[in-house]
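So you know, we letter chains A, B, ... as the sequences are listed, proteins then strands, and number each from 1.
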There are 2 protein chains.
Amino acid sequence: MNLVTIAQASAITGVSAKMIRHYESIGLIKAPLRTENRYRHYSEAELHELGFIRRSRDLGFSFEDIRQLLSLWRDKARSSAEVKAIALRHVQELDQKAAALEAMSRTLKSLAATCHGDDRPDCPILEALDLPDKEVSQSDP
Amino acid sequence: MNLVTIAQASAITGVSAKMIRHYESIGLIKAPLRTENRYRHYSEAELHELGFIRRSRDLGFSFEDIRQLLSLWRDKARSSAEVKAIALRHVQELDQKAAALEAMSRTLKSLAATCHGDDRPDCPILEALDLPDKEVSQSDP
DNA sequence: CTTGACCTTCCTATGATGGGATACCCATAT
DNA sequence: ATATGGGTATCCCATCATAGGAAGGTCAAG
């Protein structure tokens, strides 16, 4: 049983020590054993769990999602349908957010395209922000 | 000179009263005149400014960006190049964020595609979160 | 005169993360 | 023995944009 300190756990899993303590405080992981100094130390299984969390975060899952994924992960008898449902719902959210950002980007790009970008003051970008009525075209090229 | 209350200003500009007060507190807009009751009241020009801010926020600009845009907007002698630079930097940020979300979405979609999604427990999604080595494919279709 | 609908200020929360202060524990170098 | 330096503990505060609520003042209509 390899026991490691929080700094080592951080280096191994890529989760900052700050965040490891935070996960514990919000009950995402359970409190690890302590040495006599009250220093936290982590077992292989706990490191594995932290890695799972980091990879979930890398995929943009929220803590609430991760809480559910972790419980499904621990449950050997889970149905893959439950996991897939969480993943697909998240995919939908990701796609929506990406689409929203792209719409903003497209609008700004088309405004910037008609802006001289020189010393003269006239600027379609400011005009679009100025005038409510002159609806910003969502440019469908 | 039409003077309106904060609730009317909110209805007209689409900025919540909460946020209007907040913009004032962080110095994004200057403090409006008050009636004898200490009620804020807004002029046409101030409503216009609030509308400008809302449209900027709709395009995803941060308060810091908006602060700069507002000052350029007020400055009749600004160069359009300055405005364009802010807009294009923002476009770059938007595109980066969108790309990151799309990468997550693509990964999850490809994992979900190979997940049965039935009563059986085996699930490639959980396996990918489980295994650090089995690098999650970024699927280049 | 009360009711209800405004307005005011101040405090708190969100979600995920970072930063810092203060104090304790421990090993190594002097 | 002790000073130095580095890891750890807890606690508080900050971010960004927004929302909720409490507690109290103001006003018009019933």
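Each of Leu59(A), Val83(A), Leu70(A) was evaluated against Leu129(B); a single residue qualifies, Leu59(A), per the side-chain contact (heavy atoms from CB on, under 4.5 Å) test. Just one of Val4(B), Ile6(B), Thr35(B) meets the side-chain contact (heavy atoms from CB on, under 4.5 Å) condition when paired with His41(B); it is Thr35(B).
Close to dC26(C), at under 4.0 Å from its OP1 or OP2, lies no side-chain N or O of Tyr39(A). For Thr5(B), a side-chain nitrogen or oxygen approaches OP1 or OP2 of dC7(C) to under 4.0 Å. Between Ser16(A) and dG18(C) there is a side-chain polar atom (N or O) within less than 4.0 angstrom of OP1 or OP2. Residue Arg34(B) has a polar side-chain atom (N or O) positioned under 4.0 Å from OP1 or OP2 of dT9(C).
Using a 4.0 Å heavy-atom distance criterion, Arg40(B) is classed as a sugar-phosphate-only contact.
Rounded to a whole Å, the CZ atom of Phe61(A) is 13 Å from the P atom of dA16(C). Regarding Phe63(A), its CZ atom lies at a distance of 13 Å from the P atom of dT14(C), rounded to whole Å. Regarding Lys18(B), its NZ atom lies at a distance of 9 Å from the C1' atom of dC10(C), rounded to whole Å. When rounded to the nearest whole Å, the span between CZ of Arg21(A) and C1' of dG19(C) equals 13 Å. Whole-Å rounding puts the Met19(B) CE to dG20(D) C1' distance at 12 Å. The distance from atom CD1 of Ile26(A) to atom C1' of dG15(C) is 9 Å, rounded to the nearest whole Å. Between His90(A) atom NE2 and dG15(C) atom C1' there is a gap of 14 Å when expressed in whole angstrom units. Regarding Lys97(B), its NZ atom lies at a distance of 14 Å from the C1' atom of dA16(C), rounded to whole Å.
With salt bridges taken as basic N to acidic carboxylate O contacts below 4.0 Å, one links Arg89(B) and Glu93(B).
Between Ser43(A) and Glu46(A), the side chains place a donor N or O and an acceptor N or O closer than 3.5 Å (distance only, hydrogens not considered).
Around atom CG of Asp119(A), no more than 12 heavy atoms belonging to other residues, nucleotides or ligands sit under 6.0 Å away.
Annotation: of the two residues near DNA chain C, Glu36(A) and Asn37(B), the 5′-most nearest-nucleotide partner is Asn37(B). Heavy-atom nearest nucleotides on DNA chain C were determined for Ser62(A) and for Arg38(B), and the one closer to the 5' end corresponds to Arg38(B).
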